[in-house]
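In what follows, chains are A, B, ... by sequence order, proteins preceding strands, each numbered from 1. Values below: every heavy atom of this structure, side chains too, minus hydrogens, waters and symmetry copies.
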Amino acid sequence: MATQDETDMGIPLPEGASDMIETDYTIGQDNIETQIGPFGLDIHNPVFLISGLSVVIFVLYALIAPTQAADFFGWLRPALTSTFDGFFLTAANIFVIFCLLLIVSPYGSVRLGGADATPDYGYLGWFAMLFAAGMGIGLMFFGVLEPAYYFGTPWGDEPLGTVRPFAEDGTLIAANVEEAKRMALAATSYHWALHPWAIYAVVALALALFSYNKGLPLSIRSAFYPILGERVWGWWGHVIDIVAVFATLFGLATSLGLGAQQANAGLEFVYGIPSSVTAQVVLIVLITLLALISVIRGLDGGVKVLSEINMVLAIGLLLFVLFTAGAVGIFTDFFATIVAYGQEILPLSNPIGRSDDGYREGWTAFYWAWWISWSPFVGMFIARVSRGRSVREFLTCVLIIPSLVCVFWMTVFGGTAINDMIANVDASAVKANVIDSYSPELSLFAMLDSLPLASITSTLGIVLVIVFFVTSSDSGSLVIDTITAGGKIDAPVPQRVFWCTFEGLVAIALLIGGGLGSLQAMVISTGLPFTIVLLLMCFAIFRGLQSEMKA
Amino acid sequence: MFRKIVVPIDLAHADRMESAITVAADLAKLYGATVCYLGATTPTPSSVAHSPEEYKEKLAAFALKEAQVHGQDVTTHVVLSHDPTATLDDDLVKEVDEMDVDLVVMATHVPHIGDRIWASNGGNLARRTKASVCLVRAAG
């Protein structure tokens, strides 16, 4: 008897040529499928257990020996970024050049998911998810802080040793103002434009290529197949996946804990709600609950919807600041910043012969390590939602467009803050909270304070901070769940509930017991080994695309 | 009585599908209905297939084998689900509605691991679609 295919119904299936990797590995072959009470489990052995246990052990270490942990990681992170600053800068430059070359090369026409694959998500939902997972919370925190800091810092962190706008007695030096502002916005853009997005793009492209086109599981280890071969299914692969889970979970949990403190500081500034551990724990519980609802509703019904809400709110705040602070002036600043970014990107990314250690080691290398330590999570999430795009389209949309959006955001928020510092040298709340006394968590609210309707916009700011945390938390839980299920995206619901809850609990434990700062330093330290991993990924992508072109 | 019978198939647990498939085949013969196997897969590689295309081929091969066993034509239909853990229920309801199905015959079993994939989906289908739903426990 013959079977026939009902091609006239349902979702058309992507198809077309792609060059699958032949391997004996079956996805899920190392998984433990079992039933505990009413809960089904489908977890990778040993990645799930070792990741979970090592997180518990490090939390206990930070709680039992807080001073030692703080001393060690407090030393390790700056030691790494100041010793290996040249390496970080060079590697990030390689990622940018690699991505830009791929856009213009013939390899750009390779389609993720096979030659005839169609995108799973429209542009709007896709962009919303890219930003919400990878950068949203950073834009809220650093949008005012970083440009304002570079503009006015008297402590030797000025980018490329540029001129200072304030004299020692706090008065304005008119001749230096323009140049200091130009460099502050260019130097901030350098940290938020091509380089970070190239870091995310490399990881995302590697995973998307090896999963959608090569048929390997959606897990970090798969990108290493061209280098390690069948060994990726053994301990080599286990270690890669475990470190990725570890960095993601601690990255999310520590920033959740620190973020709760910041949101609390904002609430105190705006509403006078005093900072207390109780308030912060309530915030973490709230964020975790929202993230739980989102992961249970899933990628389409939860994460995507929240990301879109978030994008609308962020655009609302952006437009408000843009128009109340003077749209014409800001648009002029925006084009000036693009030009300045183009002029300064080479000197800023040059790793040798520089004397601006405070900026290069303290900020640039720190950022690179930070982006890279987040790249397994963000990269894997981007890969998950990018099927059906061509490599050229993918890189343009993950690299060029987000870069422009970030430069614009920084110009609007940072430019407004800098203008306020210039116009009100003595009374500027931004200057008081960034330069005179360093209270980074208040910088955004101090800037909003200089504009009309501050109580409404500050409230919107706090809501945005919270929702951005929710969107990082839910997408992170999905990523960890997939890695710890050996690349399966259909693992039972209790597993994603577990990771999301676990992350909140780790944040609360570290918040109450201390150790948020030291473990965040530890996470950023994982940026160093991951830099090597990312360099290898570039090679793997190249090899993968080569074989794909032949197919 | 029935024109079109759909059997949701979980290829990862194909061995547990036999009772439902037999019931569907017998009912189809009785009422002169057509039978369609409905499978769901993910865009990412899974334990069953490395790509949606491969899944489609595997489901077709499975259908061919069963068609020979039961002496009856079988069509196949594949749903692509981004996030089956969260949305498989909704995806199934949508497909069953769109396919204009009279009867869904589904495998289910005394609660254990496979349940998470198909078990509650049966109840959900009965609640949310016009189709009749027949849940079949695995033999033994």
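The greatest number of non-hydrogen atom pairs below 4.5 Å with chain B, out of A/Asn31, A/Ile296, A/Leu216, is found for A/Leu216. Ranked by heavy-atom pairs under 4.5 Å with chain B, the list A/Leu218, A/Val385, A/Asp300, A/Val295 is led by A/Asp300.
In this structure, chain A has a heavy atom under 4.5 Å from the backbone of B/Ser46, while its side chain stays farther away. Contacts between A/Leu299 and chain B at a heavy-atom distance below 4.5 Å involve backbone atoms as well as side-chain atoms.
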Practice problem: Could you go through the salt bridge (charged side-chain N to carboxylate O under 4.0 Å, His left out) check for B/Asp10 and B/Arg16 one step at a time? | Solution: CA-CA 8 Å; B/Asp10 176 7; B/Arg16 296 174 193 158; 6.0 Å; no

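Considering only residues two or more places apart in sequence or on other chains, A/Phe498 meets the ring pair (Phe, Tyr, Trp, His ring centres under 6.0 Å) condition with A/Phe48, A/Phe502. Checked against salt bridge (Lys or Arg N to Asp or Glu O under 4.0 Å), B/Asp102 has the following partners two or more places apart in sequence or in another chain: B/Arg3.
To the nearest 0.5 Å, the span separating CG on A/Asn45 from CG on A/Asp30 amounts to 7.0 Å.
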